[in-house]
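When reading the values below, keep in mind they use all heavy atoms of this one structure, side chains included, and skip hydrogens, waters and symmetry mates.
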Amino acid sequence: MWEAGHGCGPSWATMVDVTPAASDGRPEPVNLVIGEEELLAERAVQEVVVRARAADPETEVRRLRTSEVDAQELAEHLSPSLFAEGRVVVLSAAQEAGKDMVAAVLRYAAEPADGIVLVLQHQGGARGKSFADDLRKAGAAVTRCERLTRPAERADFVRAEVRRLGGKITGDAVDVLLEAVGSELRELASAAGQLVADTGGVVDEKAVRRYHRGRAEATGFTVADKVVAGDREGALEALRWALVLGVAPVLVADALADAVRTLAKVGAAGRGDPNRLAGTLGMPPWKIRKAQGQVRSWRPEGLTVAFAAAAEANADVKGAAADPEFALERAVRRIIDARDIR
């Protein structure tokens, strides 16, 4: 289930396992922020701090790393002061906690001090899993900030981020922004903020291309699109521009491999409804629809050759070739030639 709001900041929805805040808006005394998505985890922690300071503007924030403090030091940070000032103690990398630290935290969770809020950041996964489970059982407020791996999740993030900033973004603009900026949430959030500020809040495809011209029009994906379409001149020109503008060769190689892989998956799936195939193929409908039009010009034998060329290019740009730029140009030519195999 997806739910917007509290936890990973007001900007984004998270995979939900969220304990509601106290009725007066104060954060719960013990909070567990779990997941690998750093930006979302940081926002979740910041939201706890904001709520604590809304109740007590003088609230102090102390940030500690689990491996750098012992149980006794933590107990001192969690002890009330003589003047009962509010305090938020943020303990990062909670998955690194040893037995003594785990015991100290669980003791505190059983009897938290008034005015002191403990926030534990845990990356998730197998390491420290029992600690996270025990915190849940002890009543900690839990917010999950899982890594966004699917294109649809990142698209939803962009839409939510723009909406949080008071703007609106079209579907085409979301696609172009993802292609221009990539999958790193911090960069996507920054780009969304810039676009909302510069456009007055209405973000369309033209606005994204205008403000990200160098990246949106000369990326590895642009090169790959022209390659699978058989546009030799356009692909080579796009490749040269991408490299001049500083696009890393490895990103171009990855885009070529992704394009060929997408054609193979969509071609094998047949002429189904893109909306229905999206879940099975793990890609957005627009990408399937686009690949369905492209794959008609390819034969299986050609795709096999293209796969080999893309794989070789990937190895070349990661050190196997002395000149990665020449290796990419050679791969572009080989893949386009493969499209003509009959």
For D100, look at atom CG and say whether over 12 heavy atoms of other residues, nucleotides or ligands are found less than 6.0 Å away.
no
Side chains of D225 and K290 in contact at under 4.5 Å (non-hydrogen atoms)
yes
L40 to E146 - nearest heavy-atom pair and separation
CD1-O, 4.3 Å
For a 4.5 angstrom cut-off between non-hydrogen side-chain atoms, does K168 reach V202?
no
Output yes when a side-chain donor or acceptor of R339 lies under 3.5 Å from a complementary backbone atom of W298, and no otherwise.
no
Quick one: does S79's side chain have a donor or acceptor within less than 3.5 Å of a partner on A75's backbone?
yes
Basic-acidic side-chain contact under 4.0 Å: E329, R334:
no
If you look at every heavy atom in T199 and V203, which pair is closest and at what distance?
OG1-CG2, 3.7 Å
Please report the closest heavy-atom contact between A132 and I34, naming both atoms and the distance.
CB-CD1, 4.0 Å
Go through the steps to decide whether D316 and F326 satisfy the test side chain to side chain contact (heavy atoms under 4.5 Å, CB included), and finish with yes or no.
CA-CA 10 Å; D316 286 342; F326 175 75; over 6 Å; no
Any side-chain heavy atom of R53 within less than 4.5 Å of one from V61?
yes
Hey, does the side chain of Q194 reach the backbone of S190 with a donor-acceptor pair shorter than 3.5 angstrom?
no
Tell me, yes or no, whether the heavy-atom count around E205 atom CD, taken from other residues, nucleotides or ligands under 6.0 Å, exceeds 12.
yes
Closest heavy-atom pair, V250 versus V317, reported as atoms and distance to 0.1 Å, is CA-CG2, 3.8 Å
Below 4.5 Å, heavy atoms only, C-beta onward: do E85 and E58 meet side chain to side chain?
no
Is D258 paired with K287 through a side-chain N to carboxylate O contact shorter than 4.0 Å?
yes
Is the shortest heavy-atom distance from the side chain of L64 to the side chain of V89 under 4.5 Å?
yes
Salt bridge check: are R63 and E42 linked by an N-O gap of less than 4.0 Å?
no
From Q95 CD over to Q123 CD, what is the distance, rounded to the nearest 0.5 angstrom?
4.5 Å
List the atom of A269, the atom of L277, and the distance in Å for their closest heavy-atom pair.
CB-CD2, 4.2 Å
In terms of side-chain geometry, is the basic nitrogen of K129 or D133 positioned less than 4.0 Å from the acidic oxygen of its partner?
yes
So, taking the atom named CG in L177 and the one named CG in L195, what distance separates them when rounded to the nearest 0.5 Å?
6.0 Å
Taking NZ, NE, NH1 and NH2 as the nitrogens, is one of them in E161 or R163 under 4.0 Å from a carboxylate oxygen of the other?
no
Closest approach of V102 and A97, non-hydrogen atoms and distance?
CG2-CB, 3.8 Å
When you compare the side chain of P80 with that of I116, does any pair of heavy atoms fall below 4.5 Å?
yes
Got a sec: does the CG of D273 have more than 12 other heavy atoms crowding it under 6.0 Å?
yes
Quick check against the 3.5 Å criterion: does H122 have a side-chain atom that pairs as donor or acceptor with the backbone of G128?
yes
Taking atom SG of C145 and atom CZ of R43, what is their separation to the nearest 0.5 Å?
10.5 Å
Closer than 4.0 angstrom, basic N to acidic O: yes or no for D337 and R232?
yes
Inspect the surroundings of CZ in R147 and state if more than 12 heavy atoms from other residues, nucleotides or ligands are less than 6.0 Å away.
yes
Close side-chain approach of P249 and L243, heavy atoms under 4.5 Å
yes
R330/E312 ion pair, N-O < 4.0 Å:
yes
Do E325 and R240 meet the salt-bridge criterion of a basic N to acidic O distance under 4.0 Å?
no
If we ignore angles and hydrogens, is there a donor and acceptor under 3.5 Å between the side chains of T59 and R87?
no
Candidate pair E96 and S67, rule side-chain hydrogen bond (donor to acceptor under 3.5 Å, both in side chains), full reasoning:
CA-CA 6 Å; E96 298 175 358; S67 60; 3.3 Å; yes
So, does D56 use its side chain to make a donor-acceptor pair with the main chain of G86 at under 3.5 Å?
yes
Side chain to side chain contact (heavy atoms under 4.5 Å, CB included), that's the test. Do L178 and S183 meet it? Break it down for me.
CA-CA 7 Å; L178 289 169; S183 60; over 6 Å; no
Derivation of the side chain to side chain contact (heavy atoms under 4.5 Å, CB included) call for L120 and N31:
CA-CA 6 Å; L120 298 105; N31 298 264; over 6 Å; no
Close side-chain approach of N275 and P285, heavy atoms under 4.5 Å
yes
Is it the case that more than 12 heavy atoms not belonging to R62 sit under 6.0 Å from its CZ atom?
yes
Check step by step if side chain to side chain contact (heavy atoms under 4.5 Å, CB included) holds for T66 and M101.
CA-CA 8 Å; T66 302; M101 181 66 76; 4.2 Å; yes
